[in-house]
Number of protein chains: 2
Amino acid sequence: MSVDLSGDQYFSSNPAPDSIHRHAELVRDFIASHPDRRIALVTSGGTTVPLEKRTVRFIDNFSAGTRGAKSAEHFLDAGYAVIFMHREFSLTPYAQHWSHLKDGFLGLLTEDPTGVVTVDSERQQEVLRVFRKYKKTRDDNLLLLIPFTTVTDYLHELRSIARLLDSVGSNGLLYLAAAVSDFFIPPDRMSEHKIQSTDAADATPTDKVAGKGGENDLAEEEFDNFDSCPPVLRSKRLVIDLDPVPKFLKALVEAWAPGCMVVSFKLETDPNLLIEKAKIALARYQHDLVVGNLLETRQKEVVFVTPGGAEEWIRLPKTGEVKEIEGLIVPAIIRLHDEYIKSHDQKK
Amino acid sequence: MSVDLSGDQYFSSNPAPDSIHRHAELVRDFIASHPDRRIALVTSGGTTVPLEKRTVRFIDNFSAGTRGAKSAEHFLDAGYAVIFMHREFSLTPYAQHWSHLKDGFLGLLTEDPTGVVTVDSERQQEVLRVFRKYKKTRDDNLLLLIPFTTVTDYLHELRSIARLLDSVGSNGLLYLAAAVSDFFIPPDRMSEHKIQSTDAADATPTDKVAGKGGENDLAEEEFDNFDSCPPVLRSKRLVIDLDPVPKFLKALVEAWAPGCMVVSFKLETDPNLLIEKAKIALARYQHDLVVGNLLETRQKEVVFVTPGGAEEWIRLPKTGEVKEIEGLIVPAIIRLHDEYIKSHDQKK
């Protein structure tokens with residue numbers, strides 16, 4: 001088996017988060033408590049790329065976690081247990097229904113004449129419906145929340161959890177909806193402190209203020225920590241020089257969870273690139289499905305691209321019972337998972 | 001009056017958000033409905049710097065909006081009306097009390113025997129206390145929420161709202177707690193579509209897959225949109241070249257809201273830089289107060305630096321009635337605002 005070593009090098013030079021062992025324990029217990037159930041690992045939300053070790057600034061990927069949170073609910077509806085690996089403070093299953101309220105959940109409440117706070121009568125039905133699902137999921141221990149923040153946290157957690165999930169074989173499904181950074185800053189090029197804009201490069205306060213009063217009066221930058229881009233070329237500018245994150249999908253498919261079904265997502269803004277990139281990813285990583293989507297239409301349509309080269313668009317009808325596209329995506333993937341399990345059983 | 005024109009150039013080359021006129025209407029009405037009240041403009045949360053026009057990736061500043069949301073509550077407690085200009089989906093006053101619950105607000109609820117969803121009895125007291133404040137604030141129209149996302153949105157909104165707030169003169173207080181990006185990408189250097197990492201630079205899928213199968217097999221990057229950093233130097237790397245955001249504080253103090261009291265914040269990670277940078281900012285921008293804080297201790301201590309050069313540390317006692325440092329910061333600023341109003345009245 002050819003396992004790419006560049007991944008290993010990434011993992012050894014970018015330390016794992018402190019939480020990794022605690023999370024692995026939680027995942028191990030969770031898997032053990034569902035021996036006969038299918039388990040989906042759903043990743044959700046964006047990853048960050050810190051620009052400084054004591055992080056003030058970071059690069060982020062656009063993702064509120066809507067796709068992941070809604071999808072997890074549909075997997076739970078279908079009887080899956082779900083490990084929900086999500087960007088900290090991104091949307092989570094069930095809670096996501098009221099995430100966009102202007103006043104948060106306080107806008108749902110009312111105080112009755114006896115001074116008891118309750119859900120407003122107009123919202124009772126809607127809240128009750130979701131609350132019951134939430135409570136059943138909690139009581140039956142069917143949902144495990146695992147948070148991450150940086151792209152390095154994400155990759156370490158994914159490797160750790162995928163390896164554990166591989167123990168359930170074809171019952172395991174990896175649904176990789178998180179928006180993962182393609183680039184990162186290696187630790188040896190990262191600034192220790194907040195990167196300074198103008199003030200810090202100044203000699204003294206008085207010198208600065210006396211000599212240069214204006215708003216547009218910016219000092220020369222220092223780029224000691226960005227050795228790849230010479231400071232002499234870059235006065236008054238910040239230049240961030242990033243390395244590509246190793247493509248982890250091949251290691252995941254070949255080495256971390258070879259027995260599980262693997263679904264990845266591809267988000268693009270250019271329609272001309274979407275299908276081509278999905279096919280390249282499938283051919284390169286040899287996994288089971290790419291769900292392609294465009295930034296502007298992602299709530300309304302996606303395209304399933306499968307290893308044979310088939311493309312199938314899934315579109316949300318304007319009317320009908322299904323109100324969100326995850327209600328079509330997840331059942332369609334579960335049908336593919338049925339087939340995956342069958343073909344795997346035959347091989348045994 | 002010397003108004004720096006570089007700000008004007010920034011505003012003319014970076015378009016305002018679509019919401020700016022609607023927000024200005026809301027602010028105008030809000031100010032008009034509180035003729036005899038002090039009004040605080042509280043800014044909160046981080047700003048983003050999009051890397052693409054159809055944004056998938058962006059640079060962000062670390063800020064959940066805790067400082068701003070908690071501070072706004074203390075201003076409201078003291079009788080101020082508050083315009084809360086905040087990063088969309090960052091913490092907001094009152095709702096912030098339960099933002100870090102693992103299950104969101106669903107964890108606070110229970111279903112009673114009659115099938116009515118209510119706040120769990122154990123949490124009633126805590127929720128009731130905040131709910132009553134929230135409801136009074138809402139009923140009296142004392143809090144106006146204005147969201148922003150990018151640093152350009154932020155600067156346009158700030159200029160627009162500050163100019164409106166200037167009509168209340170010394171009764172107006174600007175409390176600039178948002179974490180504003182120092183750098184941005186000018187529109188003419190911004191990529192139209194998502195910046196491609198590896199796949200897009202490839203010729204064709206088959207070429208790609210046939211010729212280059214490995215995980216570490218990354219294509220040469222194209223940097224057409226980053227003309228300042230020559231692509232030839234940067235194969236396999238992403239280089240982001242940013243310009244400094246014009247220092248808007250001088251324009252704010254001199255031209256946008258010259259009659260109002262202005263408080264800025266400075267967050268650093270290096271203790272050796274904090275006071276010096278606060279003094280430089282005060283000397284340069286001629287505003288009324290810099291609240292300095294360090295990333296690691298920001299919930300426990302801050303330093304007030306005033307134009308005379310005085311430094312006063314404010315520290316949260318380990319015991320006592322005040323449980324959060326904003327409960328000390330805001331009252332101390334209100335005392336300075338009392339003085340500001342007095343001295344302003346004397347000048348009349």
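So you know, we letter chains A, B, ... as the sequences are listed, proteins then strands, and number each from 1. This structure is a prediction, so every number in the text was calculated from the model and none was measured. The figures here come from the full heavy-atom set of this structure, side chains too, leaving out hydrogens, waters and symmetry mates.
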On the 0 to 90° scale, with breaks at 30° and 60°, tag the A/F105-B/W98 ring pair as parallel, tilted or perpendicular. perpendicular
Please say whether more than 12 non-hydrogen atoms of neighbouring residues, nucleotides or ligands are located less than 6.0 Å from [atom1] in [X].
X	atom1	result
A/Q286	CD	yes
B/E126	CD	yes
A/K53	NZ	yes

* Asked: Any donor-acceptor pair under 3.5 Å linking the side chain of B/T118 with the backbone of A/V117?
  -> yes
The interface call for A/Y134 against chain B, heavy-atom contacts under 4.5 Å, is side chain
Measuring from [X]:[atom1] to [Y]:[atom2], what's the distance to the nearest 0.5 Å?
X	Y	atom1	atom2	answer
B/I59	A/T48	CD1	OG1	12.5 Å
A/F58	B/D60	CZ	CG	4.0 Å
A/T92	B/L106	OG1	CG	8.0 Å

Across all chains, not counting sequence neighbours, the side chain to side chain donor-acceptor pair (under 3.5 Å) partners of A/N61 are none
A/D139 meets the salt bridge (charged side-chain N to carboxylate O under 4.0 Å, His left out) criterion, sequence neighbours left out, with A/K135
Check whether any side-chain heavy atom of B/E268 sits under 4.5 Å from a side-chain heavy atom of A/V56, and report yes or no. no
Exercise. Could you tell me whether the side chain of A/L109 reaches within less than 4.5 Å of the side chain of B/V127, counting heavy atoms only?
Key: yes
Would B/I240 and A/L242 count as a side chain to side chain contact (heavy atoms under 4.5 Å, CB included) here? Give the steps. CA-CA 8 Å; B/I240 304 169; A/L242 301 110; 3.6 Å; yes
Which atoms of [X] are under 4.5 Å from chain A, going by heavy atoms: the side chain, the backbone, both sets, or neither?
X	result
B/E88	neither
B/R123	neither
B/L108	side chain
B/L295	side chain

Greatest number of non-hydrogen atom pairs under 4.5 angstrom with chain B, of A/F89, A/F62, A/F131, falls to A/F131
Counting heavy-atom pairs under 4.5 angstrom with chain B, the leader among A/L145, A/V130, A/L128 is A/L128
Dump the intermediate steps for side chain to side chain contact (heavy atoms under 4.5 Å, CB included) on A/V119 and B/V116, then the final yes or no.
CA-CA 8 Å; A/V119 171; B/V116 170; over 6 Å; no
Answer key: most heavy-atom pairs under 4.5 Å with chain A among B/T110, B/L143, B/V49 is B/T110
